[in-house]
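Working notes for the structure below.
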2 protein chains.
Amino acid sequence: MDTTQRTEQQRSADRRRRELLEAADRVVLRDGPQASMNAIAAEAGITKPILYRHFGDKSGLYAALAKRHTDALLNSLRAALDAPADRRERVEATLDTYLAAIEARPQVYRFLMHPADGGPSADQGFDVGKHSAPLLRRMGEELAQVIEDRLDLGPESQQLARVWGHGIVGMMHAAGDWWLGERPCSRAELVRSLADLLWGRLAAAGDKIGGPGF
Amino acid sequence: MDTTQRTEQQRSADRRRRELLEAADRVVLRDGPQASMNAIAAEAGITKPILYRHFGDKSGLYAALAKRHTDALLNSLRAALDAPADRRERVEATLDTYLAAIEARPQVYRFLMHPADGGPSADQGFDVGKHSAPLLRRMGEELAQVIEDRLDLGPESQQLARVWGHGIVGMMHAAGDWWLGERPCSRAELVRSLADLLWGRLAAAGDKIGGPGF
DNA sequence: CTTGCATGTTACTAGCGGTAACCTCAGTCT
DNA sequence: AGACTGAGGTTACCGCTAGTAACATGCAAG
């Protein structure tokens with residue numbers, strides 16, 4: 001078999017794979033995270049074994065699906081963090097980019113982070129346990145690298161940067177998750193509040209009069 | 001039926017319920033989060049329908065199980081946060097209490113936070129999606145209340161306190177999760193690094209020489 | 001003795017993830 | 001031409017799960 005033919009087959013398979021992923025995306029957006037392999041196969045107009053030939057198992061399909069959205073999000077975040085502006089402005093822009101993303105496509109966000117929400121009695125949804133953590137980990141590690149590369153933190157800077165990277169990502173994630181559910185304020189206010197926290201306003205705050213302090 | 005009898009029955013049911021919960025605890029600690037209702041029933045020496053009579057469905061059992069551990073953890077955290085010491089010391093003590101808890105019983109922690117980890121091909125574990133969020137939410141709301149009660153944050157203090165409460169809890173959670181998996185440093189170092197972050201060391205850090213700044 | 005009622009069981013349903021076996025048809029080698 | 005190979009697709013199944021209906025048993029009250 002010559003090379004052109006092989007690439008031809010490869011191309012066909014890749015195209016098919018993309019079609020299947022788009023079908024899976026539609027089903028997930030429609031049925032929520034408890035979309036079944038059967039449903040996805042039906043949406044794609046085929047049957048289960050083909051899905052399994054392409055993605056191995058459900059985790060494989062999930063991973064491929066998650067990678068798409070994750071890569072896009074990470075690219076946006078990198079761009080925001082690398083914009084030409086001062087540090088606080090860029091931190092705020094990055095927070096805002098993340099929050100704007102989860103606000104714009106909450107279904108996708110919930111699919112990535114919260115398995116089996118919304119379905120009345122559905123319990124066998126996608127298992128996010130093995131994938132949402134990698135997403136947060138990836139963001140944490142990337143941020144850690146940025147911090148270590150660009151900030152002067154003295155000795156132990158590497159370890160400190162990693163702790164901060166994961167910590168800040170966790171802060172952003174938890175605050176965003178809560179905000180998305182309750183919408184207690186505008187996105188801009190949330191961004192400013194989080195940046196204030198990172199900028200040491202907690203340490204600078206005075207005790208409330210009459211209270212035991214904190 | 002008179003009152004004494006009713007309380008007698010109630011007591012019996014409660015005792016049984018506690019026994020079942022302890023059996024479930026054992027199974028979860030042994031089999032991990034993918035423990036099945038069948039396995040739990042077998043461990044308790046009974047069969048499935050009894051479990052369903054007591055807890056409604058799997059989520060009910062899970063919720064009861066999670067509540068136990070969650071309540072215990074929250075009590076420890078409240079105690080640490082209320083100890084007589086200055087603010088930073090108490091924040092560090094609280095972080096350390098949380099981290100010590102997840103370090104001491106990682107299986108329980110993973111059960112509460114990461115469904116279906118560890119099992120080779122097990123995909124139908126407990127659905128944590130409906131419960132881990134409530135745990136983090138509860139911690140976030142409690143911390144928000146503490147911050148609002150004790151800190152002088154000027155106008156908008158309530159909203160700021162809530163954002164910070166959820167954000168700080170998320171930071172603690174994500175950092176702890178990462179730390180538990182990689183063990184890159186001692187618990188004390190992690191606590192100090194996180195407290196440093198909260199105390200504004202990020203804002204105070206200078207740019208690294210030669211870099212574009214951050 | 002009979003009526004409740006809680007406790008327990010067996011035996012089942014419906015649906016899931018995943019797989020073995022087969023089928024079909026384009027293109028290739030002899 | 002005619003047998004061969006292999007990718008794409010399907011049917012029919014397995015073992016497992018959560019959850020339930022229907023049937024048994026023992027124990028107190030009238």
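As the structure is a computational prediction, the values presented were derived from the model and not from experiment. Chain A is the first sequence line, chain B the second, and so forth, proteins listed ahead of strands; every chain is numbered from 1.
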Please tabulate the protein-to-nucleotide N/O contacts below 3.5 Å involving nucleotides 9-13 of chain C, giving atom names and distances.
residue : atom : partner  : partner atom : Å
dT9(C)  : OP2  : Thr47(B) : N            : 3.0
dT9(C)  : OP2  : Thr47(B) : OG1          : 2.4

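Every residue two or more places apart in sequence or in another chain was checked for a salt bridge (charged side-chain N to carboxylate O under 4.0 Å, His left out) with Glu89(B), and none qualifies. Every residue two or more places apart in sequence or in another chain that forms a side-chain hydrogen bond (donor to acceptor under 3.5 Å, both in side chains) with Glu182(B) is listed here: Arg162(A). Under the ring pair (Phe, Tyr, Trp, His ring centres under 6.0 Å) criterion, Trp179(B) pairs with no residue, sequence neighbours left out.
One can place NZ of Lys58(B) at 15 Å from P of dC16(C), the figure rounded to the nearest angstrom. What separates CD1 of Ile40(A) from P of dG18(C) is a distance of 11 Å, to the nearest Å. Protein atom CG of Asn38(A) is 13 Å distant from nucleotide atom C1' of dT10(D), rounded to whole Å. In this structure, the CG atom of Asp31(A) is 14 Å from the P atom of dG15(C), given to the nearest Å. Arg16(A) places its CZ atom 9 Å from the P atom of dG8(D), with the value rounded to the nearest Å. The CG atom of Leu51(B) sits 13 Å away from the C1' atom of dT7(C) (whole-angstrom rounding). Rounded to whole Å, the distance from CE on Met37(A) to C1' on dT19(C) is 12 Å.
Side-chain proximity of Tyr52(A) to the nucleotides dT17(D), dT19(C), dG8(C) is greatest for dT19(C).
The aromatic rings of His166(B) and Trp178(A) sit parallel, their planes meeting at an angle under 30°, below the 60° perpendicular limit.
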Quick one: side chains of residues 37-54 of chain B, donor-acceptor pairs under 3.5 Å with protein atoms, not counting sequence neighbours, listed by atom name and distance.
residue  : atom : partner  : partner atom : Å
Glu43(B) : OE1  : Arg30(B) : NH2          : 2.9
Glu43(B) : OE2  : Arg26(B) : NE           : 2.6
Glu43(B) : OE2  : Arg26(B) : NH2          : 3.2

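With respect to the salt-bridge test (charged N to carboxylate O, under 4.0 angstrom), the residues Arg88(B) and Asp196(B) qualify. Note on Arg192(B) versus Glu92(B): no salt bridge recorded, every NZ/NE/NH1/NH2 to OD/OE distance being 4.0 Å or above.
At its two ends the helix from dC1(C)-dG30(D) to dT30(C)-dA1(D) runs along axes set 30° apart, each axis drawn from five pairs and the angle rounded to 10°.
Between the CG atom in Leu160(B) and the SG atom in Cys185(A) there is a gap of 9.5 Å [rounded to 0.5 Å].
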